[in-house]
Amino acid sequence: MGSSFHTFLFFMQSYLTSQLLRVLSEMEGVPVDFKPEFEQPASTEHGDLASNAPLKLARFLKRAPRQIAEDLSERLRALPLDPDRIKTIEVAGPGFLNFRYGTAYLFSGLEKILSEGSNFGRAERGSKGTAIVEFVSANPTGPLTVGHGRNAVLGDTIANLLSWTGFDVTREYYFNDAGRQMRTLGQSVKARYLAAVDPDISTKTIDSDGELITVPECFPDDGYLGEYIQHVASELFEKHGDSLVSSDSAIFKDAAEKRIFEEIKTTLGRLGIRMDSYFNEKDLYEDNKVWEIVESLRELDLAYDSEGAVWLRTKKFGKEKDTVLVKSTGEPTYRLPDIGYHIDKISRGFDLIVDVFGADHIATYPDVVNAVKALGHNTDSIDVVIYQFVTLVRKGKPVKMSTRKAQYVTLDELMDEVSEDVTRFFFLMRSANTHLEFDLDLAREASDTNPVFYLQYAHARICSIIRKAKEVGFTFSQEADFKLLTHDSEEALLKELLLFPDVIRRAAESREPHRISNYLREVASQFTQFYGQCRIIGETPDLASARMDLARASKNVLRNGLSVLGISAPEKM
RNA sequence: GCGCUUGUAGCUCAGUUGGAUAGAGCGCUGGAUUCCGGUUCCAGAGGCCGGAGGUUCGAAUCCUCCCAAGCGCGCCA
């Protein structure tokens with residue numbers, strides 16, 4: 001089964017830590033709780049793994065760091081270190097200890113990549129407990145937009161990462177089909193329906209971001225102008241004729257909601273996203289749960305009445321102002337059910353609760369977490385991932401977008417234009433924390449300037465080599481002798497491949513999928529360098545099979561990595 | 001005005017949680033290649049890491065103050 005708990009780096013670091021501690025225990029002046037640290041040097045000249053222990057120890061031992069480094073390296077050599085694992089120790093720079101891996105250990109890693117196949121880099125399911133990732137969570141008022149797309153892809157990939165590192169993951173979509181937004185939706189549909197029934201209905205013009213639009217007289221001022229509203233309306237007209245003219249707008253709301261939700265699910269499906277559960281905010285109002293929360297907050301003096309509304313004392317959480325929890329109409333603002341929702345998730349016993357929110361929530365989500373905490377719940381398991389907004393760029397200029405009105409690019413349109421794989425990748429190739437500039441011209445390009453194709457091409461090329469070998473009937477030796485892999489590019493590639501489980505782990509822990517895309521680019525690059533310098537077919541059977549195994553291992557890592565990102569790994573392009 | 005986030009090569013962005021000479025892709029300049037897929041590879045130019053202080057052996061990274069951008073700031077979510 002999976003290996004990621006005992007990753008290659010983990011093995012090396014714990015081995016070197018134990019050996020270093022052994023040596024340090026014989027030296028005077030070393031603090032008892034001293035823990036050596038390791039890092040992967042930026043430059044290969046500095047070896048495979050480096051420790052700054054001598055630098056850290058300088059102030060305790062009152063000796064020059066380099067001197068300490070020399071001393072330590074002498075003592076480590078005298079142990080001696082296992083040459084299969086560590087080939088060389090060097091003292092360098094201001095006092096670093098640089099270690100280089102032994103090839104025997106690298107080759108056992110290669111065997112592992114091949115034998116674990118699609119599980120390489122994956123930890124045992126459930127070994128870390130359970131996690132819930134809440135994402136998308138758009139209310140069904142219209143098609144998903146590009147902004148939702150970033151949320152969806154980010155959430156789904158974080159869920160993948162958590163699953164790969166051993167969590168049993170639930171993907172949840174939280175929505176609200178009550179409230180003002182949805183009423184407006186119903187009214188918008190009804191107005192369009194009435195216009196379909198009676199084409200001569202009186203109209204008015206409204207201003208939408210400077211554009212004048214003609215709508216029926218009864219169309220709500222902040223109504224939804226998207227074309228899909230008219231689709232739903234004309235469907236209702238075709239089906240029911242004019243029999244709904246005097247119906248309540250709730251019927252129209254329900255019809256629109258059902259239709260829109262189906263479309264949302266279809267859109268998510270195109271991206272390969274399947275939710276495990278849909279949580280309707282409405283359910284929180286059963287058993288009076290949310291009202292009990294208000295009472296509890298009152299008892300804690302965190303809620304009070306004023307101007308006919310109930311207020312949350314966010315000032316106590318360090319905010320400048322208090323905020324409304326229940327409107328004077330008696331309707332809660334989103335904060336209250338959100339508090340209830342998080343308490344619900346905590347009570348469902350998840351070990352990790354991840355929320356994926358847009359930058360517009362950045363200032364408000366702490367209120368929710370603080371309230372949950374004040375109510376006596378442990379909020380340590382809650383982790384909020386915030387992503388910045390997306391700007392579509394065409395021909396170097398930003399594409400204008402206005403979410404509420406008719407003028408926006410839907411996620412479906414984006415996928416139609418640049419494909420599902422490219423959409424996912426572009427959302428994942430930058431850290432969530434930075435503004436994403438989505439260059440449509442670059443995304444459409446099927447060349448090496450487009451990073452997705454670079455990765456997929458490397459995979460397809462390996463598949464092609466395998467096919468070719470079969471075609472020409474090339475014979476490999478039974479068992480590959482990895483010792484024949486002596487070329488620099490072979491060793492560099494193998495070392496890169498072995499990092500995969502660690503990259504997965506770190507990306508999962510920091511909830512940063514972009515680390516995977518960066519890493520895969522590196523793998524693809526290392527592979528093409530190897531490919532450029534070393535031939536496979538045509539070499540002696542021994543060398544060819546060793547290299548073929550290295551190529552297969554590369555294919556395995558590329559495929560596993562792409563599958564974490566939810567992107568296809570084509571055999572041909 | 002206040003809060004959060006961000007500021008790194010011409011452009012888009014990484015930067016292993018404080019390490020060594022700050023990197024990649026694109027673009028630009030120059031080269032390579034009879035080949036298992038030219039959707040390739042190599043080299044070069046390009047930087048006051050927004051600015052100024054501070055912390056220490058060591059700062060793009062941590063602290064303070066400025067400057068700029070994005071998001072938010074009592075009954076939208």
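Here is the naming used below: chain letters follow the sequence lines, and residue numbers restart at 1 for every chain.
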On RNA chain B, compare the nucleotides closest to A:Ile466 and A:Ala50; which residue's is nearer the 5' end?
A:Ala50
Test ring-ring contact (aromatic ring centres under 6.0 Å, His included) applied to A:Phe99 - qualifying residues, sequence neighbours left out:
none
Using atom C1' in both nucleotides, what's the gap between B:G72 and B:G44 to the nearest angstrom?
46 Å
A:Arg521 has an atom CZ; how far is it from atom C1' of B:U39, in whole Å?
15 Å
Take the protein atom CD of A:Gln40 and the nucleotide atom P of B:G19, then report the distance between them rounded to whole Å.
13 Å
Separation between the P atoms of B:A59 and B:C13, rounded to whole Å:
28 Å
Check if the side chain of A:Arg535 and the base of B:C35 share a donor-acceptor pair of N or O atoms closer than 3.5 Å.
yes
Scan for salt bridge (charged side-chain N to carboxylate O under 4.0 Å, His left out) pairs involving residues 52-68 of chain A, sequence neighbours excluded, and state none if there are none.
A:Arg63-A:Asp71
Answer yes or no: side-chain N or O of A:Thr323 and base N or O of B:G74 forming a donor-acceptor pair under 3.5 Å.
no
Report the residue (A:Ser328 or A:Ala363) whose heavy-atom-nearest nucleotide on RNA chain B is the more 5′ of the two.
A:Ala363
Under a 4.0 Å heavy-atom criterion, the protein footprint on nucleotides 54-61 of chain B, written with B, S and -, is ---B----
What contact category does A:Ala92 fall into here, base, sugar-phosphate, or nothing, at under 4.0 angstrom with non-hydrogen atoms?
base
Just the rounded figure in Å: distance from C1' of B:A77 to CD of A:Glu331.
12 Å
Can you check the A:Phe38 CZ to B:G18 C1' distance for me, whole Å?
17 Å
Under 4.0 Å, heavy atoms only, any strand: does A:Glu45 hit a base, just the sugar-phosphate, or nothing?
base
Stems formed with participation of RNA chain B [Watson-Crick or G-U wobble, under 3.5 Å, three or more pairs]
B:1-7 with B:67-73, B:10-13 with B:23-26, B:28-32 with B:40-44, B:50-54 with B:62-66
Can you list the steps and then say if A:Phe8 with A:Phe500 is a ring-ring contact (aromatic ring centres under 6.0 Å, His included)?
CA-CA 9 Å; A:Phe8 186 76; A:Phe500 180 65; over 10 Å; no
Pairing residues for A:Phe527 by the ring-ring contact (aromatic ring centres under 6.0 Å, His included) criterion, not counting sequence neighbours:
A:Phe530
All side-chain hydrogen bond (donor to acceptor under 3.5 Å, both in side chains) counterparts of A:Gln187, not counting sequence neighbours:
none
Remember a base hit wins even if backbone is also touched, and classify A:Lys319 as base, sugar-phosphate or nothing at under 4.0 Å, heavy atoms.
nothing
Would you classify A:Ala551 as touching base, sugar-phosphate or nothing, given that sugar-phosphate means primed atoms plus P, OP1 and OP2, and contacts are heavy atoms under 4.0 Å?
nothing
Determine whether A:Arg506 and A:Leu9 satisfy the following criterion, side-chain contact (heavy atoms from CB on, under 4.5 Å), listing intermediate values before the conclusion.
CA-CA 12 Å; A:Arg506 276 187 232 177; A:Leu9 265 184; 3.2 Å; yes
Using the test ring-ring contact (aromatic ring centres under 6.0 Å, His included), find all partners of A:Phe261 that sit at least two apart in sequence or belong to another chain.
A:Tyr173, A:Phe175, A:Tyr278
Do A:Gln456 and A:Ser568 make a side-chain contact, defined as non-hydrogen atoms from C-beta onward lying under 4.5 Å apart?
yes
Base-contact (B) and sugar-phosphate-only (S) positions in nucleotides 9-15 of chain B, heavy-atom cut-off under 4.0 Å, - elsewhere
---BSSS
Rounded to whole angstroms, how far apart are CD on A:Gln181 and P on B:A77?
7 Å
Work out how far the C1' atom of B:U6 is from that of B:G15, and round it to whole angstrom.
16 Å
Does B:C41 have OP1 or OP2 sitting under 4.0 Å from an N or O in the side chain of A:Tyr454?
yes
With the side chain of A:Phe96 defined as its heavy atoms from C-beta on, choose the nearest nucleotide among B:A20, B:G74, B:U5.
B:A20
Pick the P atom in B:G54 and in B:C42, then give their distance to the nearest Å.
43 Å
If the P atom of B:C71 is compared with that of B:U55, how far apart are they to the nearest Å?
37 Å
Can you confirm whether A:Lys327 is buried at NZ, in the sense that more than 12 heavy atoms of other residues, nucleotides or ligands lie under 6.0 Å from that atom?
yes
Take atom C1' in B:A68 and the same atom in B:U16, then report the distance between them in whole Å.
30 Å
Name all pairs fulfilling the salt bridge (charged side-chain N to carboxylate O under 4.0 Å, His left out) condition that reach into residues 530-547 of chain A, sequence neighbours left out, sorted by first residue then second.
A:Glu490-A:Arg547, A:Glu539-A:Arg547
What contact category does A:Ala309 fall into here, base, sugar-phosphate, or nothing, at under 4.0 angstrom with non-hydrogen atoms?
base
To the nearest angstrom, how far is A:Ile386 atom CD1 from B:G3 atom C1'?
14 Å
According to ring-ring contact (aromatic ring centres under 6.0 Å, His included), who are the partners of A:Phe135, at least two apart in sequence or on a separate chain?
none
Mark this stacking check for A:Phe389 against B:G70 as yes or no, applying ring centres under 5.5 Å and ring planes under 30°.
no
Using a cut-off of 4.0 Å on non-hydrogen atoms, how would the nucleic acid contact of A:Cys463 be classed: base, sugar-phosphate, or nothing?
nothing
Mind telling me whether B:U8 is syn or anti, cutoff 90° either side of 0?
anti
Do we count A:His361 as stacking onto B:A77 if the rule is ring centres under 5.5 Å and planes under 30°?
no
Base, sugar-phosphate, or nothing: which does A:Thr528 touch, judged by heavy atoms less than 4.0 Å apart?
sugar-phosphate
Presence of A:Lys327 side-chain N/O under 4.0 Å of B:C76 phosphate oxygens OP1/OP2
yes
How are the rings of A:Tyr341 and A:Phe279 set to each other: parallel, tilted or perpendicular (split at 30° and 60°)?
tilted
Euclidean distance, atom NZ of residue A:Lys468 to atom C1' of B:C35 [Å, nearest integer]
10 Å
Determine the Euclidean distance between corresponding P atoms of B:G23 and B:C49; express it in Å to zero decimal places.
14 Å
When the P atoms of B:C65 and B:U61 are considered, how many whole Å apart are they?
16 Å
Can you tell me if A:Gln388 touches the phosphate of B:C71, counting only side-chain N or O atoms and a distance under 4.0 Å to OP1 or OP2?
no
Across the strands shown, which category fits A:Asp367 at heavy-atom distances under 4.0 angstrom: base, sugar-phosphate, nothing?
nothing
Salt bridge (charged side-chain N to carboxylate O under 4.0 Å, His left out) pairs, two or more places apart, involving residues 354-365 of chain A:
A:Lys345-A:Asp355
State, without any angle test, whether A:His148 and A:Thr145 hold a side-chain donor-acceptor pair at a distance under 3.5 Å.
yes
Reckon A:Gln456 touches a base, only the sugar-phosphate, or nothing at all at heavy-atom distances under 4.0 Å?
nothing
Rounded distance (Å) that lies between atom P of B:C36 and atom CZ of A:Phe476
14 Å
Checking A:Val310 now: which residues fulfil side-chain contact (heavy atoms from CB on, under 4.5 Å) with it, not counting sequence neighbours?
A:Val294, A:Arg298, A:Ala303, A:Asp305, A:Val326
